[in-house]
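Being a predicted model, the structure only gives us computed values, none of them experimental.
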Amino acid sequence: MSVERIQELLGGERLTGPLHNERDIVRLVRRGLPTQAVDHFLSTSGLSFNALEPKVLSLRTFKRRKKLEQLLEQDESDRMLRVVSIVAAAEDTFGSTEKAQEWLNRSTRALDGETPIAMADTDRGARAVEALLGRIGHGIAA
């Protein structure tokens, strides 16, 4: 997964600050994501807010933070970056946003019938999706 693509999905440096490596992403999570970055991610990735609610962030909380111009809390930012990372990895594996979206939203036997995007709501689930993407990327039967 490319740090550059994660930054693009979140609206670029003007919203995230400089992101050059994983340490910069950790700093962003600790500082908190701006709500504009979430909006940009949703419009760029083609995901609806339903993909985030309720386990990543509730719509009510998001709207409140947006209205008050608050950053997301650290735990919300961490969960959000987990989803963004999965989307970036899927795009990298499949070579396009459209193919990645199709795969992310399709249930798969390799994940016990769940969709990859639904699995990204927990750390372990996200790791399982990343491992599956790695196998697909290396041509290993998933």
Side-chain angles (χ1 to χ4, degrees), residues 1-108 110-112 114-142:
M1 134 203 70
S2 138
V3 172
E4 184 179 296
R5 183 60 184 148
I6 289 171
Q7 187 168 42
E8 288 171 11
L9 285 167
L10 292 171
E13 190 169 339
R14 70 179 181 81
L15 294 179
T16 65
L19 296 182
H20 303 292
N21 52 46
E22 285 295 321
R23 289 184 315 281
D24 290 338
I25 291 177
V26 170
R27 280 191 278 279
L28 174 62
V29 166
R30 288 178 176 157
R31 185 175 67 240
L33 267 177
T35 56
Q36 301 97 310
V38 176
D39 282 334
H40 190 275
F41 169 71
L42 292 172
S43 67
T44 305
S45 69
L47 288 174
S48 71
F49 202 92
N50 291 344
L52 306 179
E53 193 171 36
K55 296 195 176 175
V56 173
L57 180 67
S58 78
L59 184 57
R60 185 174 169 197
T61 299
F62 178 71
K63 285 182 175 180
R64 185 176 66 248
R65 294 213 193 294
K66 194 172 181 174
K67 181 180 178 187
L68 299 173
E69 298 182 8
Q70 294 176 330
L71 298 173
L72 269 57
E73 303 259 330
Q74 182 175 329
D75 60 330
E76 296 162 342
S77 296
D78 190 41
R79 291 188 301 263
M80 188 69 215
L81 258 297
R82 185 171 36 224
V83 172
V84 174
S85 296
I86 291 292
V87 169
E91 288 179 356
D92 186 47
T93 300
F94 294 104
S96 80
T97 300
E98 296 76 25
K99 288 178 183 176
Q101 282 309 310
E102 187 179 315
W103 184 81
L104 286 165
N105 290 294
R106 186 177 56 228
S107 61
T108 177
L111 299 173
D112 295 330
E114 282 203 57
T115 65
I117 199 68
M119 287 289 289
D121 69 345
T122 67
D123 185 52
R124 291 239 177 238
R127 285 194 238 163
V129 172
E130 288 169 347
L132 180 56
L133 284 166
R135 290 194 305 271
I136 292 168
H138 287 93
I140 301 167

**Asked** Between the main-chain N or O of Pro54 and the side-chain N or O of Ser58, is there a donor-acceptor pair closer than 3.5 Å?
**Response** no
**Message:** To the nearest 0.5 Å, what is the distance between CD on Glu98 and CD on Glu102?
**Reply:** 10.0 Å
**Item:** Side chain Glu53, main chain Leu59, donor-acceptor under 3.5 Å
**Value:** yes
**Prompt:** If we only count heavy atoms from C-beta on, is the Leu33 to Leu72 side-chain gap below 4.5 Å?
**Reply:** yes
**Request:** Measure the spacing between CD of Glu4 and NE2 of His20 and express it to the nearest 0.5 Å.
**Result:** 10.5 Å
**Request:** Please name the pair of heavy atoms, one in Ser77 and one in Gly32, separated by the smallest distance, quoted to 0.1 Å.
**Result:** OG-CA, 3.3 Å
**Message:** Given Val129, which partner from the list Ile117, Thr115, Thr108, Leu111 fulfils the side-chain contact (heavy atoms from CB on, under 4.5 Å) test?
**Reply:** Leu111
**Prompt:** Nearest 0.5 Å, what's the CG-OG1 distance between Leu28 and Thr16?
**Reply:** 6.0 Å
**Arg106 atom CZ, neighbour heavy-atom count above 12 within 6.0 Å** = yes
**Request:** Determine whether Leu9 and Glu91 make a side-chain contact, defined as any pair of heavy atoms from C-beta on separated by less than 4.5 Å.
**Result:** yes
**Item:** Residue pair Glu76 / Thr61, side-chain heavy-atom distance below 4.5 Å
**Value:** yes
**Prompt:** Of the non-hydrogen atoms in Leu47 and Gln101, which two are nearest, and what is the gap between them?
**Reply:** CD2-OE1, 3.3 Å
**Item:** Closest contact, heavy atoms only, Ile25 versus Ile6
**Value:** CD1-CD1, 3.9 Å
**Request:** Provide the closest heavy-atom pair for Ala90 versus Leu133 in the form atom of the first, atom of the second, distance.
**Result:** N-CD1, 3.7 Å
**Request:** Identify the heavy atoms of Met80 and Phe41 that sit nearest to each other, and give their distance.
**Result:** CE-CD2, 3.2 Å
**Item:** Straight-line distance of Leu15 CG to Gln36 CD, nearest 0.5 Å
**Value:** 5.5 Å
**Prompt:** Would you say the side chain of Ile136 lies within less than 4.5 Å of the side chain of Trp103, judging by non-hydrogen atoms?
**Reply:** yes
**Message:** Under the criterion side-chain contact (heavy atoms from CB on, under 4.5 Å), I'd like the reasoning laid out for Asp123 against Asp78: C-alpha separation, chi angles, the key distance, then a yes or no.
**Reply:** CA-CA 10 Å; Asp123 185 52; Asp78 190 41; over 6 Å; no
**Message:** To check you understand the geometry: which heavy-atom pair defines the closest contact between Ala120 and Ile86, and what is its length?
**Reply:** CB-CG1, 4.0 Å
**Asked** Are the side chain of His138 and the backbone of Gly134 linked by a donor-acceptor contact shorter than 3.5 Å?
**Response** yes
**Request:** Side-chain contact test, heavy atoms from C-beta onward, threshold under 4.5 Å: evaluate it for Thr97 versus Thr44 and give yes or no.
**Result:** no
**Prompt:** Between Arg5 and Glu8, is there a salt bridge with N-O shorter than 4.0 Å?
**Reply:** yes
**Prompt:** Just by modelled atom types, is the His40 backbone N or O under 3.5 Å from a matching donor or acceptor in the Ser43 side chain?
**Reply:** yes
**Asked** Taking C-beta and beyond as the side chain, do Asp24 and Gln7 meet within less than 4.5 Å on heavy atoms?
**Response** no
**Message:** Please check this pair: side chain of Glu22 against backbone of Val3, looking for a donor-acceptor N/O pair closer than 3.5 Å.
**Reply:** no
**Prompt:** Just by distance, do the side chain of Arg79 and the backbone of Leu57 share a donor-acceptor pair under 3.5 Å?
**Reply:** no
